[in-house]
Amino acid sequence: MDRPLRLIAGNFEGGDPLDQLARTLEALLVVASAPLSVEELAAAADHDAELVEEALRLVADRFAEERSGIVLEHVAGGWAFRAGRAEAAACARLFERPAQRNLSQAALETVAIVAYLGPCSRPDIARIRGVAADSAVANLLERGLIAEAGRDHGGGGAVRYRTTPLFERIFGLESLSELPRLDDVGSDAAEIRDRLHAVAQQRSA
Amino acid sequence: MDRPLRLIAGNFEGGDPLDQLARTLEALLVVASAPLSVEELAAAADHDAELVEEALRLVADRFAEERSGIVLEHVAGGWAFRAGRAEAAACARLFERPAQRNLSQAALETVAIVAYLGPCSRPDIARIRGVAADSAVANLLERGLIAEAGRDHGGGGAVRYRTTPLFERIFGLESLSELPRLDDVGSDAAEIRDRLHAVAQQRSA
Amino acid sequence: MIVRELELDLDAFEGPFDLLLALVLKEELELCDVDLAGIVTAFLERLAEREELDLDACGEFLVLIAALLELKARALFPDETAELAELEPEEAAEELARRLAEYRRAKEAAAWLRERLAAEGDRYFRLGPSPLAPKVETPLAPQHPGALAEVLRVLAQDPPDVSLSHMALRFPPVSQFLERFRALLGRRSRFDFEAEVAELTRLEQASAFLALLELRRAGELAIEQAAPFAPIRVTRTPQENTLREERTAAWTVRSA
């Protein structure tokens, strides 16, 4: 298995400039998170666009269907690597893996606060949790478990968030009134809020 | 330029199963957004872990430093493609701001404490560094180098933080166990203790 | 060499040493945020630049830095200094040595990480998804509502008694309340302090009170309290109104 590879490496030694450029393009394409145009590649590689196009043909030849699991593809925005068609099933299994399907502790605390206390702003949540709420809120918004619900202080204050119907569906609730009772913490939202604030204050005192 | 490539392709034709698996791994690695463990690769490729490890050696050989612009590396507990080191200058031109690569002394000390102690809270960090850790922690959270990891004291205390796989990846660590042992500072501790003893004796004398 | 003129370039402060001392004494600079080792390093560097040893400067510096160290230690470990004082000298030395060694270890680890970062800086990789990777929705698995109740129960538990969180404590900025009270007095001529701060945490209330004192000192308002613990009445002082109007007028003319 080693021999033909050494053969290639041997050919590259001495540094064919076009092949050198092709390697640079490979590197750029593997770190980019969006397709790269010839102009972008040329600017980053610090070479002429014409030479870049020539080197791209080399890369395309190396990374072609059947020949490699990685395939160079020309799309609307430019050039990018993709998985070979023959590997579609494996890629589908990779992306369908049931990992990461659980909420983080931060997200769970945050959504629990919003669900039990009713619409809350990020400063509210941060005060109760004792840490900034920005990333947990962003995460829950992205997953569609919370949504904006007006602003504090009759419109002028911070944005408030409430839970969504998707939240109820995922947690198997017909409505928020079905949330498990928290009588040991407080009998209603106001009492629970007071209790959480009191503890948060102790924690930071 | 074409010939040696054909040579390889020719070698692979007829479908050496190991090479077929190597191509599948290439495809998985090029679409993944984080390092993949052997187990994850095996599950997605639908093959034995042992065979996957063998095929990985093939891929690593193909995508080695100097040989290709794309390099396979073992990092953060998994396998991932990155750009070859020789292409760093071009990659730097592609990314205007390599955000993670510039850390203040405060941030480095903080992330070092979190990496060495395992999950710890802001008060833990402040206790060791002797200064408040709030801004360093916020900064590391924003860069994704640390993440929340539950709370102190069985849940009710301060939020704890741990380092992320991104931390290992940026620092090029296969795992946290690669951090060097720091017991060589023992002699320093003894020396400090002796000096303090001397002072204490003078005081009480 | 004049110690007081020693130029410092620290994270928290840039300027001469005597200004730093003044700011610390006036409590305008948190000593907790000042890297005292950085001051020592600056002094030693300056000292090394000179041909001869300046004993006067060394003496003065030692006195000043020792005072700062003691202040900082007290600020950082208010309860623990008491604890340390109760310990036998041997034990106290042991405890201090343990802490210093721990910090030194953290610094060494940081130094190792810095070198590593520099050595690995030429390893570029993609952050985020591959451009042409299949877009996938990863729906959450069904969750149990009991988990929601459980996390809130834990959050509602009394925190443990031993708390060192005072070290991470930050006062909410006084300036925020300066603005708030000014705005309030723009709308109303008087208000009750308690009613205004009732919703706030104890810390925020403390900051709000500092803001109140600051505004009183500036003559922008008057404070009355009928008796100890009676409600604090805040009243706009008449001249503040006119001053403010003049200021606004002047600004309007200039910007017109």
Side-chain angles (χ1 to χ4, degrees), chain B residues 30-33 73 80-83 85 87-88 91-92 95 98 101 103-106 108-109 111-113 115-116 122-124 126-134 151-158 166 169-173 179-180 182 185-186 188-189 192-193 196-197 199-201 203-204, chain C residues 11-12 30 32-35 72-73 76-77 88-90 92-94 96-114 116-117 119-130 132-134 151 153-160 163-170:
Chain B
V30 86
V31 296
S33 46
E73 69 174 354
F81 280 138
R82 62 166 168 83
R85 287 182 193 260
E87 317 304 339
C91 293
F95 296 114
R101 290 163 202 271
L103 287 173
S104 69
Q105 178 66 18
L108 273 172
E109 284 179 20
V111 79
I113 290 168
Y116 272 90
R122 277 181 293 182
D124 291 336
R127 191 188 158 92
I128 293 177
R129 292 196 50 234
V131 296
D134 300 27
R151 287 176 180 272
D152 266 350
H153 306 289
L166 180 63
R169 204 167 179 202
I170 286 185
F171 284 85
L173 301 168
L179 291 170
L182 289 175
V185 293
D188 285 332
I192 296 168
R193 194 177 305 127
L196 288 167
H197 275 314
V199 173
Q201 269 160 14
R203 258 251 196 100
S204 56
Chain C
D11 278 352
E30 283 263 22
C32 300
D33 294 334
V34 178
D35 173 19
K72 182 170 180 176
L76 283 176
F77 302 105
E88 290 299 309
E90 294 248 321
E94 202 72 41
L96 277 173
R98 198 189 56 72
R99 279 188 201 165
L100 286 171
E102 197 172 31
Y103 181 50
R104 186 168 292 206
R105 223 172 288 145
K107 284 201 96 119
E108 285 202 7
W112 186 83
L113 285 178
R114 181 185 294 287
R116 184 89 187 181
L117 195 60
E120 302 298 316
D122 57 357
R123 287 171 44 260
Y124 279 82
F125 52 86
R126 192 182 63 232
L127 287 167
S130 161
L132 302 182
V151 288
R153 247 182 219 115
V154 169
L155 272 182
Q157 269 168 20
D158 278 316
S163 164
L164 290 164
S165 54
H166 53 269
M167 293 189 301
L169 193 78
R170 278 284 168 279

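Naming convention: chains lettered A, B, ... in sequence-line order (proteins, then strands); numbering from 1 in each chain.
Scanning all heavy atoms of the two residues, the minimum distance from B:Phe171 to C:Leu113 falls at CE2-O, 3.2 Å. Annotation for B:Ser33 and C:Gly128: closest pair CB-O, 3.4 Å, computed over non-hydrogen atoms. The two residues B:Ala112 and C:Ala109 have their closest heavy-atom pair at CB-CB, 3.6 Å. The two residues C:Tyr124 and B:Ala92 have their closest heavy-atom pair at OH-CB, 3.3 Å. When all heavy atoms are compared, the tightest approach of C:Ala106 to B:Ile128 is CB-CG2, 4.0 Å. Pairing each heavy atom of B:Arg169 with each of C:Arg123, the nearest pair is O-NH2, 2.8 Å.
Proximity to chain C is limited to the side chain of B:Glu73, based on heavy atoms less than 4.5 angstrom apart. Residue C:Ala119 touches chain B through its backbone alone, counting heavy-atom pairs closer than 4.5 Å. The contact between B:Ala32 and chain C is made entirely by backbone atoms, counting heavy-atom distances below 4.5 Å.
The pair C:Arg114-B:Glu109 does not meet the salt-bridge criterion, since no charged nitrogen lies less than 4.0 angstrom from a carboxylate oxygen.
The CZ atom of B:Arg82 lies 7.5 Å from the CD atom of C:Glu120; values are rounded to the nearest 0.5 Å. Atom CG of residue C:Leu117 and atom CG of residue B:Leu108 lie 6.5 Å apart, to the nearest 0.5 angstrom.
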> Under the side-chain contact (heavy atoms from CB on, under 4.5 Å) criterion, do C:Arg116 and B:Leu173 qualify, and how do the steps go?
Replying inline: CA-CA 9 Å; C:Arg116 184 89 187 181; B:Leu173 301 168; 3.9 Å; yes

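Stacking of C:Arg105 on the aromatic ring of B:Tyr116 is not recorded, the 6.0 Å distance cut-off and the 45° axial limit not both being met.
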